[in-house]
Novice: 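Below is one structure. I have some questions about it.
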Amino acid sequence: MVIWVIYICTIFSIIFFEGLRKLIYQTRYSSFTFFLMMVILFRIIAATGEELESVEKGKYKGTTIITSDTKYVSDDSSYYIGQTSGYIFFYNKDKHTTIIPISDVKKLEMYSK
């Protein structure tokens, strides 16, 4: 899965950079500016791939979320992948993501390597 994400991001980056290159040369910005933007974007893509890989390797293994009727545990078959101010996201290897509203959570135990 990580390889496909990196592959897709790379393709979109190439398309993005070609458009950006044309914009920069039309507005007389330097080649250094273009190079700097490329380095920043590739670093963001690499960091995303590293984070995906660490989650798959068990970064949050053992994290437990308890709602009024269900207990979710991050293990080898399901991953805690993050949260926002309103929701918690769990990914299962059966190719589905469970979205849990924060208001339903009774207890959250976070573990991180």
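Bear in mind that the values here come from a model prediction, so they are computed numbers and not experimental data.
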Novice: Would you call the rings of Y91 and Y79 parallel, tilted or perpendicular, where under 30° means parallel and over 60° means perpendicular?
Specialist: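 It falls in the parallel class, under 30°.
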
Novice: Is a side-chain donor or acceptor of T63 paired with a backbone partner of Y80 at a separation under 3.5 angstrom?
Specialist: no

Novice: Heavy-atom distance under 4.5 Å between the side chains of Y72 and T64, does that happen here?
Specialist: no

Novice: Look up atom CD1 in I100 and atom OG1 in T97, then write down how far apart they are to the nearest 0.5 Å.
Specialist: 11.0 Å

Novice: Do other residues, nucleotides or ligands put more than 12 heavy atoms under 6.0 Å from Y87 OH?
Specialist: no

Novice: With sequence neighbours excluded, what pairs up with S78 under the side chain to side chain donor-acceptor pair (under 3.5 Å) test?
Specialist: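 By the side chain to side chain donor-acceptor pair (under 3.5 Å) rule, S78 matches D75.
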
Novice: For the atom pair OG1 (T67) and CG (L108), what is the distance rounded to the nearest 0.5 Å?
Specialist: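 So the gap between those two atoms works out to 12.0 Å.
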
Novice: What's the separation between atom NZ in K107 and atom CD1 in I66, rounded to the nearest 0.5 Å?
Specialist: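 K107 NZ to I66 CD1: 5.5 Å, rounded to 0.5 Å.
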
Novice: Excluding sequence neighbours, so at least two apart, what forms salt bridge (charged side-chain N to carboxylate O under 4.0 Å, His left out) with K71?
Specialist: none

Novice: Go through V105 and I88 one step at a time and tell me if the side chain to side chain contact (heavy atoms under 4.5 Å, CB included) criterion holds.
Specialist: CA-CA 9 Å; V105 175; I88 295 176; 3.8 Å; yes

Novice: Distance from K106 atom NZ to T70 atom OG1, nearest 0.5 Å?
Specialist: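 With rounding to 0.5 Å, NZ (K106) is 11.5 Å from OG1 (T70).
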
